[in-house]
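The next block holds one structure in the form of structure tokens; read it before the comments.
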Amino acid sequence: MLIIKVTTITNLGLACYLVAARAFFLRDLNVVTVSLSAEVNTTKFLSADYEIIIPNKPISTGRYSVKGPLLQLSLGYVFRGTHKNND
């Protein structure tokens, strides 16, 4: 059994988001999407204390935080569900 307990504190700040996306239509009318997004942010937007409890092991505690820029690549495939009827 693994128990993870997290307490979060969020701070408001300014951020700049940039997104570029492209969709490609395939012959069967399904769609492939590709997107690249970036976030420029220097504000610490997540700070948390954690505690991990595993039976018969020492309890592990600590603090972590997240701040700074983000770069994300996303791929998607959309099934349009088109079928030909041979009636």
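Start at 1 with the first residue, then count along the sequence. Just so you know, these numbers come straight off a predicted model, no measurement behind them.
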Over all atoms of both residues, closest heavy-atom pair of [X] and [Y]:
X: Thr33; Y: Ala23; result: CG2-CB, 4.2 Å
X: Tyr77; Y: Asn30; result: OH-ND2, 3.1 Å
X: Ser37; Y: Val19; result: CB-CG2, 3.8 Å
X: Tyr50; Y: Arg63; result: CE2-N, 3.7 Å

Leu18 versus Leu36: any side-chain heavy-atom pair under 4.5 Å?
-> no
Report whether Leu73 and Val78 are members of the same hydrophobic cluster (ILVMFWY, side-chain heavy atoms less than 4.5 Å apart, transitive linking).
-> no
Do Phe79 and Leu26 belong to the same hydrophobic cluster, where Ile, Leu, Val, Met, Phe, Trp and Tyr are linked whenever their side-chain heavy atoms lie under 4.5 Å apart, directly or via other members?
-> yes
Value for CD (Glu51) from OG (Ser60), rounded to nearest 0.5 Å, stands at 9.0 Å
